[in-house]
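Beneath this line is the structure, given in structure tokens, with notes to follow.
Sequential numbering from 1 along the given sequence is applied to the chain's residues.
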Amino acid sequence: MTTANPPAPAAAAVPSLTSVFVRLKLSLLRNGLKQSGGRTAAFVFSIVVGILFALGMLFAFVLMRGHAAAPIVTVLLAGVIALSWTVMPLFVPSGDETLDPTRLVMLPLRPRPLVRALLVASLVGIAPLLTTILAVGAGLSLAVGAAGTVVAVLAVPLVVVTCVALSRSVAAANVRLLTSRKGRDLAVLSGLVIAVGMQFVNFGAQRLGRAGGVSSLEPAAEVVGWLPPASAVSAIDAAGHGDYAIAAVKLLLTVAAVAGLLYWWQRSLVRLMTEPDGSTIGASPDAGAKDKSASSGRLGRLLPGGRTGTVMERSLRYIWRDPKTKAAWVTSLAIGAIVPLFNALQGTGSIYFACFASGMLGMQMYNQFGQDTSAFWMVAQTISTAADAYAELRARALALLMITVPFTALVTAVTAGLLGQWDRLPEALGIAFSLLGAMVASGAVASANFPYSIPQDSGYKNVAPGQGGLAWISIFGGMLASALLCLPVIGLTLFLHLADHESLLWLLFPGGTLYGVLLVWGGLKLAAPRVSGRLPEILAAVSKG
């Protein structure tokens, strides 16, 4: 007697890898907002500000429609956006866990579907949305006639995809470089190059104003118009003017660029997920111990004893040894010196530009506990009262001031020498030191109230997922508070100039310095109770990454 075989169970539907990564990206964004009401508010505020800015640019593009300068502005803007996508994710806070390929090395994923899934997941976020709005604005500004409209419909998504693919290709190609100890040290040089490049852009804008406006940039726009993704934007203008062959060639250039970037990205992922990483080879223990002993003795002799000296030494070692902390310091030192000195050499500067030095370096006081990451729990064990928290913050501030005070004085003095304004040196120093004190004070308060994590397992992320908006609000809110705190010194300076009491301007040096010291003392006193009372929340925030 035979029996019929039971029907085989239907195979369960397997979701596509792309949909899994998109859901993962959305889950990460959603879970990041559940951390606290403050983070949610900061994230929503940053989204609203970004979207309002993009919509303002969109409105400006619409008003520019038909203007002779529209092709120049839109093409150059597309080039700047692409450049920003290339370099900014490596050195500016980012929190996209789906874009870190080192987390996927143990999964059985094929390169081509993985690239497709990562690309689509990369298109989910605030930055792609803002880029899309700007690209749509460029299309609306240039699209003329049916041909121009058709090309604009093709060019807008091409611009966005090219920017995202360019960013992720560069990130994947450099992730091991940035996550290895010696390799991440090279990021310091990259940050310095970017800082210098931004100042060259600034000087170029100044020369542009003296050279006759936007029309003088037409040769540059013609060159950039052949470089993807700006070539797609330029194709819209070409199609609108009947140059169909040129429009087709420029569109094909962008398509070829996308294909090349995706291939480069795929090759980088294969190499990253299959080849061994030699960055973890240990150094000679004897040499390390010898170096540690020698450096500890030299540094220890320069610092006070007790807790103050210990905390100061720890902070200074972070600056010297931690790649991300070192990169932030080198970039701040570079910009703080470049802005006043280059402007002075150009003959367009002011001695008050020396405040860039104190402002940039004062920003290093923000998120003091984030640089400790999960090791902050050891520091937290030593803080039980507001007095302990005050001693900890004071020592960190002293370590920062050991570098910032002489550097600010040096930059201000050199700027005065280049401009031949030695008589204004005392007042400039007074304003700079008062600003430095305000930055340190607001940085201490921001560190206590808005701590965030600095992930150590990724070379191109400086903020944990869900904390990006919190970081930006902390920094910009602190900068606004510092500006308000400096108003008394600035107001006194203006009064002495307007009232022809220039013989009393030298009083601003001791007065501004004393005011800065009082601000530091007040900021530390204000922040200390918050630190001691919020230790669990601070520890959870800085350990998130």
Side-chain angles (χ1 to χ4, degrees), residues 32-43 45-46 93 307-308 310-312 314-315 318 325 362-401 404 435-454 462-464 466-486 515-545:
L33 296 177
K34 294 180 180 179
Q35 298 296 321
S36 68
R39 290 177 189 166
T40 302
F43 183 74
F45 179 76
S46 63
R307 175 171 186 152
T308 300
T310 302
V311 176
M312 290 179 67
R314 183 182 69 226
S315 299
Y318 276 143
T325 305
M363 289 178 61
Q364 303 309 312
M365 187 65 188
Y366 291 84
N367 196 34
Q368 274 294 302
F369 306 123
Q371 66 182 1
D372 296 348
T373 62
S374 58
F376 178 69
W377 73 269
M378 293 187 292
V379 178
Q381 302 304 312
T382 67
I383 300 176
S384 57
T385 64
D388 295 334
Y390 176 78
E392 176 75 22
L393 288 170
R394 181 185 60 187
R396 292 176 183 245
L398 288 174
L400 183 143
L401 292 172
T404 56
L435 175 60
L436 180 58
M439 296 290 288
V440 173
S442 62
V445 175
S447 297
N449 291 282
F450 307 106
Y452 54 90
S453 176
I454 303 176
N462 295 318
V463 178
Q467 295 183 338
L470 181 68
W472 287 114
I473 294 299
S474 171
I475 294 173
F476 284 109
M479 292 173 63
L480 178 60
S482 300
L484 294 176
L485 289 173
C486 289
Y515 182 67
V517 172
L518 292 175
L519 287 177
V520 172
W521 175 81
L524 298 180
K525 283 293 186 180
L526 183 62
R530 295 288 295 169
V531 172
S532 60
R534 300 185 68 247
L535 278 179
E537 293 88 344
I538 295 175
L539 180 59
V542 302
S543 302
K544 189 176 186 296

With sequence neighbours excluded, residues passing side chain to side chain contact (heavy atoms under 4.5 Å, CB included) with Thr404: Trp329, Leu361, Leu400, Leu401, Leu436
Full working for side chain to side chain contact (heavy atoms under 4.5 Å, CB included) between Glu392 and Asp388: CA-CA 6 Å; Glu392 176 75 22; Asp388 295 334; over 6 Å; no
Ala441 versus Gly523, closest heavy-atom pair with distance: CB-CA, 3.8 Å
Contact summary for Pro451 and Asn367, nearest pair of heavy atoms: CA-OD1, 3.7 Å
Partners passing side-chain hydrogen bond (donor to acceptor under 3.5 Å, both in side chains) against Tyr318 (at least two apart in sequence or in another chain): Asp372
Thr385/Tyr390 under side chain to side chain contact (heavy atoms under 4.5 Å, CB included): CA gap, chis, key distance, verdict: CA-CA 9 Å; Thr385 64; Tyr390 176 78; over 6 Å; no
Shortest non-hydrogen separation from Pro529 to Leu526 and the atoms involved: CD-O, 3.5 Å
Residue list, side chain to side chain contact (heavy atoms under 4.5 Å, CB included) with Ala438, at least two apart or on another chain: Ser482, Leu485, Cys486, Leu519
Spacing of Leu539 atom CG and Trp377 atom CH2 [to the nearest 0.5 Å]: 9.5 Å
Full working for side chain to side chain contact (heavy atoms under 4.5 Å, CB included) between Arg394 and Val520: CA-CA 9 Å; Arg394 181 185 60 187; Val520 172; over 6 Å; no
Nearest atoms (heavy-atom pairs only) where Ala389 meets Ala528: CB-O, 3.4 Å
Listed partners of Arg530 passing side chain to side chain contact (heavy atoms under 4.5 Å, CB included), at least two apart: Ala448, Asn449, Arg534
Atom of Ala444, atom of Ala527 and distance for their closest heavy-atom approach: O-CB, 3.4 Å
Smallest separation among heavy atoms of Ala380 and Leu535, with atom names: O-CD1, 3.9 Å
Short side-chain to backbone donor-acceptor contact, Tyr366 and Ser447, under 3.5 Å: no
Contacts of Ala399 that satisfy side chain to side chain contact (heavy atoms under 4.5 Å, CB included) - sequence neighbours left out: Met312, Ser315, Leu316
CA sep, side-chain torsions, deciding dist, call: Met365, Met439, side chain to side chain contact (heavy atoms under 4.5 Å, CB included): CA-CA 7 Å; Met365 187 65 188; Met439 296 290 288; over 6 Å; no
side-chain hydrogen bond (donor to acceptor under 3.5 Å, both in side chains) against Gln368, all qualifying residues, sequence neighbours excluded: none
